[in-house]
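Values below: all heavy atoms of this structure, side chains included; hydrogens, waters and symmetry mates excluded.
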Amino acid sequence: MNKPKVGIIGLTGCSGDQLVILNCEDQLLDLVGAIDIRDFLTATSANDTESRLDVAFVEGSVVSQKDEDLLRRVRERCTILVALGTCAVWGGIPTMDRDQDRPALLRAVYGDLNWEYDTCPAKALHEVVKVDLNLPGCPIEKDQFLATVANLLNGNLPLLPDYAVCTECKMKENNCLLIEKKQVCLGPVSVAGCQARCPSLNIPCVGCRGPCTDANLKSAAATYAENGVAMEDVIRKMKTFAPVPVSEQP
Amino acid sequence: MTQTIKIDHLARVEGHGGITVNLEGNAVKEVRFDIYEGARLIEALVVGRSWEDVPQIVSRICAICSAAHNLTAIKAIEDAFGVQVTPQTRALRDLLYRGESIESHALHVFLLAAPDYLGYPSAIALAADKPEAVKLGLRLKKLGNTIQEVIGGRAVHPVNSVVGGFGATPTFEQLFALRRDLQQGLSDCEAMVEVLATLPPADFCHTPTVFAALDTAGDYGYYEGNTLRLTTGKSLAASKYRKLTNEMAVPHSHAKHSHYDHKPFMVGSLARVMLFGEKLTEKAQAAARKLGLTLPSDNPMDNNKAQAVELLFDVEYALETVEGMLREKVKPETPVEIKPKAGTGTAATEAPRGTLFHSYTFDKQGKVTAADVITPTAQNLACCEYHFRAAVDQDPEKNPAVLAKHLEMIARAYDPCISCSVHLVVSR
Amino acid sequence: MKIVKIPKKKLDLFASILRQHWEIHAPVEQNGRYAFKPLTHWSEARLHYNRTILPPKKYFMPPRETMFHYREGKGYVPAQEELDQRLILFGVHPCDIYAINILDEVFGGKYNDPYFQTRRKNIGIIGVDCTPDEHCFCRSMRADTVEKGFDLFFTDLGEEYMTLVGTSLGDDMVLMAAPLFEPITAADIQKYKQVSSEKRQAFSLDVEIHDLPEIFELEYKSEIWDELGDQCLSCGSCSMVCPTCYCYDVADTVELGSKAGDRVRTWDSCLFHTHALVAGGENFREKRSSRIKNRFYHKQRGMVAEYGRPSCVGCGRCIVGCPVHIDIVQVINRLRGEDHANRG
Amino acid sequence: MLIADEKTVKTPVLADNPYQPHLARIVRIFKMVPDNHLFTLRFEDQWTAERFKHRPGQFMMLSVPGAGEAPISISSSPTRPGVLELCVRRVGRVTDALYRMQTNDVVGLRGPYGNGFPIETLIGNDLLIVAGGLGMAPLRSLVWWALDHRDKFKKITLMYGAKNPAEMLYRDELVSLADRSDMQCLLIVDRDPTGQWKHHVGLLPTLFDHADINPATTYAAVCGPPVVYKYILQRLLALNFSKDRILMSLERRMKCGVGKCSHCSVGYKYTCIHGPIFTYWDAINLPELV
Ligand SMILES: Cc1cc2nc3c(=O)[nH]c(=O)nc-3n(C[C@H](O)[C@H](O)[C@H](O)COP(=O)(O)OP(=O)(O)OC[C@H]3O[C@@H](n4cnc5c(N)ncnc54)[C@H](O)[C@@H]3O)c2cc1C
Ligand code: SF4
Ligand code: SF4
Ligand code: SF4
């Protein structure tokens, strides 16, 4: 069997998901043996940025024209495009306040500039191109990445959970931070797959994996607000890693 | 005759950047370290957020230094609210910081920098010929990650460390397992020194350089302390960091440049070893000698060696810490209670790549009204350009292909973290 | 039935004798809640507890369980590495034992689930009686007492535990520690009756299950379901903590670079939107309201048709564990048009 | 000896495991219709092959290594033993993986599951079989079973509708049935782009205009997509069919096939053990059934 040609490409982001790939220390050598890595700027200087790819893993969100152009080029040259990490899947932290005035934010950070910055409101990959598989997580979970590669090598897309973090939290028999401590734990609306990492450490879920398909954001927001958190702050927390559609806001 | 040396995409670094050098005859006209990373404006985004959300958000500035950003934000917030944490929390934070440093240095030394010395495009290619060396690097990298997982709850973007302490205290069993890994790590470090000592030398420029680092008061460390020291002999309180970083926006990048007394300065492992090397253990100092790291250094490539020395030292230190915790029996603790108040808190720490500053101003509900993050890479950019220029100047032949390679290696020796460098000052 | 008693202060001795043969798991306190955990010291065990976060079903049907290993050339090899762990659950409440009995039926019958059944045989159960709290309604569900499903059953008589011996294995346990047990006296019987009546008085929740299937049929289109659908987060907590929710999902994993892998089953919930979703996008329970209705309907109506009794045992876990306070007792009472949840 | 000293119970998992897939080899792949191939399978193990028995309307759980498991109706008739024929539509993970396999590759099979058609009840009656689209898959087994026991039935009528001739499952086989005098085989397509189609063109329910059905002596077996159920049921009820003389084969998500995993529950029945064949009367009594 020919090894699939793979690209691991970063748009604007923290490189956390690429780092998670490099963090698969025990599997890394098998991994690079099983696939043909063509383009991985973070790890190698021998990159082929033109030829066809069977799979492209794209990290980061689109925050500039440059990102958008790169993403479109990658889409054209690959068969399967995998959005790697919450930034790619949902827009991530950079989309947090994307409804705010971009030039004003820029000015706030860089002062008054007398040259053009290439910048646009942050977007997730699916807002620009077709995405074949979403691997959420900030950063992605190692086991899900490895399962994805193993499945792709078999010709399948992996099966990923699409239920809430609470489910995994309960499986681990944690005390509930929302019910018992009245904390704003985003577990009920965030997609599982992290084995309830945070609640298992007594830390409320911040929703770093983004919402599950069926998230009932409205009802959840009302519940958090019941516990004495201002609705405005509840929505802000919900919007940290993925935009909350206005229709879902109570 | 004008000539341009251009590296469009610097590989094997975190984030997106390039190098451009314009020569006129033999004279260097212009040297640029271009940063193309898109702006994410994180400091603007935290404004309005509650203090408790900040450490998680700012950790996303960068993955490799996520623990540093997370913990530095925590230190700044605790500074603003006057929070005192327990000695156990301090020890755990130190351990987490060292875990990150071990991971980051192992990644850089073995997977990013070493291929250059041996003429390979990547560690993947290197692994085909020298699997043992790469595996050694991976083992050390994993050790750093294991520490971060046990203490921070996750190897990238820690979740367990919060303002006031930790969500959960590592268990005896976890620490016990960690000790075993650290013991193995120590012998791996010794093997590392042997391997690195055989690398061919890489010397592209020698030029007097100013170094700066945080005095972590006490042991050679990364987290505690509030005074900055420079090799010029000057000192500075961390809260006055703006005097040092003194940033200015430059058109060719999304990152600003830092100068002190009109001179660029270098932060990072080499700076720390330069300033506080005498605090290192005998073993670490012997490793430095073995690797040919002679102080004072005027060669930025020495930063690679300094990282290796720190890596060994950190493993030794972490092992000692863990053994102490096992002896003394860690107690489950909960974070100390936080009462937000209006004011500004500033913190400096030594991230793997150098001094990192976070500063936040809060209103009385504890919501952020202003945020400022200055990363080591941002501070290093000017110095890096300074070293590029020296390397070009000092090269008699000026062969563009050779020079390009040298400049790339210098850039890489800085271990730049470009994602980090684009997060700058919020002006009020 | 053989009935003896054991002085409370001899329990630790009893436990240490049992520990020569079994690993003992018992409720342990966890920040104000309880969880069944392996004991390192008998002193960690809490026999007076309201309810554990997860029911004992986690021992018989773990949240994640490998069923087969697929190996090229060998086919699907049953996974049984983890099945032969021998242990005793010490301190199981009657409602939870009742629930295990229900699961016995579900995982038995024509198609015996060998994973469940093997664990069932390898795990001993020592029941313990309890005092209801404000969320318990096992009495309404007729699950406040059990006749089978335990090896030993303890009732607190003050200074000692009256011990019902339920199985021959239970009898062996008693025989192994024979000097610790004593015959019961007439005074003990009196005391038992008193305890039993006090327990009966202690319930504050009540639902009527007589003709509940009919009520469910009649209220199938009730707007209560839509209301609950708007509220429910589909978080799955209620199903995870329920001692008789047994839905599971099956998925195959593969190893890097081969076809070898495992067939794994995981707890699932009918509250998930994927539960009745089939290829092509057809979803038989698309709306959250129809899913939450299904959960109640299946328990209170479906199980009656299939097994002759509702599968809810009234342990109160889903009431305690629902972030949006959906309360089965209230729902039933509302369906009945009796909006009073509390008796007292 | 005390039980406590005995060894743990170990073996039954191997011995009697209803979830155990048995290896089966693909002996033929017939590309009937694009994305609807007919897979002929034979159990690897002689012992299993010889003991395998099923009834029309039952289904198998098909495992494709590395991909997973899915319920698939048995398309072949018990009267033609030795191999199993499965007509599989390519729709997702498991079926995709199956389509990547070739003759001689190995899959896993367990079953048969489900109630199947109540053949004891059907015997001695007229039989009306109505299928739309992929609904022919489970009904084909019944067709051949009935034809192979022709003497046990009175009249046999088959009505089958597809979008166009190219999408008709078992087309050649069914076309040849149309020539049989001992049954009435009515085939219809929505459209006939080629103009070669010699049978009916139009909507499936119009076939009733060509058949003479006596509801009092007939059992109707129906399978197809929801629209088929909707219109065929209308026709049958208009003919005054008794609700328990209408048999339908239903589909649900399934993970175990043996009444444990709960995915296929409808009201208080499981599609896998109480079905997949339900009478229309059952359907009326089970919420959400169709
Ligand atoms: C009793 C019965 C008989 C069937 N007979 C046939 C047949 O003869 N030919 C045929 O092509 N199809 C048949 N199906 C439908 C077939 O099972 C699904 O198309 C198939 O499961 C899709 O699996 P997948 O992995 O390819 O699709 P995916 O969409 O990737 O499905 C993933 C998983 O979801 C579940 N699932 C999805 N759709 C269904 C479904 N419709 N029914 C049950 N589970 C589902 C399965 O567990 C599957 O493994 C039958 C279904 C049932 C219940
Ligand atoms: S702690 Fe959070 S994730 Fe866990 S059950 Fe409670 S709400 Fe859900
Ligand atoms: S619990 Fe929430 S915040 Fe934590 S890792 Fe999981 S999804 Fe991310
Ligand atoms: S616990 Fe409550 S919110 Fe969660 S799925 Fe159950 S009923 Fe819905």
Heavy atoms of other groups near [X] [atom1], more than 12 under 6.0 Å:
X: C:E81; atom1: CD; result: yes
X: A:K182; atom1: NZ; result: yes
X: C:K259; atom1: NZ; result: no
X: C:R64; atom1: CZ; result: no
X: C:E23; atom1: CD; result: yes

Side chain from CB out, backbone as N, CA, C, O: work out which of these in [X] comes under 4.5 Å of a heavy atom of chain C, or both, or neither.
X: A:A215; result: backbone
X: A:E226; result: side chain
X: A:N156; result: neither
X: A:L152; result: neither

Can you tell me how far apart [atom1] ([X]) and [atom2] ([Y]) are? Round to the nearest 0.5 Å.
X: A:L178; Y: C:C235; atom1: CG; atom2: SG; value: 9.0 Å
X: C:S234; Y: A:Y163; atom1: OG; atom2: OH; value: 14.0 Å
X: C:H275; Y: A:D214; atom1: NE2; atom2: CG; value: 13.5 Å
X: C:T253; Y: A:N151; atom1: OG1; atom2: CG; value: 8.5 Å

Option in [options] with maximal non-hydrogen atom pairs under 4.5 Å from chain C:
options: A:I35, A:T213, A:L159; answer: A:T213
options: A:P188, A:A147, A:A164; answer: A:P188
options: A:N175, A:T223, A:L146; answer: A:N175

Please report the closest heavy-atom contact between [X] and [Y], naming both atoms and the distance.
X: A:K170; Y: C:M240; answer: CB-CB, 3.6 Å
X: A:E173; Y: C:I53; answer: CG-CB, 3.5 Å
X: C:L233; Y: A:S219; answer: CD2-OG, 3.5 Å

Problem set entry | Partner chain A: residue of C:L271, C:T52, C:L54 with the largest heavy-atom pair count (under 4.5 Å) |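 Of C:L271, C:T52, C:L54, C:L54 has the most heavy-atom pairs under 4.5 Å with chain A.
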Exercise. Of all of C:G257, C:P323, C:P62, which one pairs up most often with chain A through heavy atoms under 4.5 Å apart?
Worked result: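 If we count pairs closer than 4.5 Å to chain A, C:P323 comes out on top.
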For this session: Using the salt bridge (charged side-chain N to carboxylate O under 4.0 Å, His left out) rule, take A:E180 and C:R33 through it: C-alpha gap first, then chi angles, then the decisive distance, then the call.
Result: CA-CA 10 Å; A:E180 292 166 39; C:R33 305 265 158 149; 3.2 Å; yes
Quick check on [X] against chain A: is it the side chain, the backbone, both or neither that has a heavy atom closer than 4.5 Å?
X: C:S258; answer: backbone
X: C:R288; answer: side chain
X: C:N31; answer: both
X: C:S237; answer: both
X: C:E255; answer: backbone
X: C:V254; answer: both

Determine whether [X] and [Y] make a side-chain contact, defined as any pair of heavy atoms from C-beta on separated by less than 4.5 Å.
X: C:K58; Y: A:M171; result: no
X: A:D162; Y: C:H273; result: yes
X: A:T167; Y: C:F272; result: yes

Exercise. Between the side chain of A:D30 and the main-chain N/O of C:L256, is any donor-acceptor distance below 3.5 Å?
Worked result: no
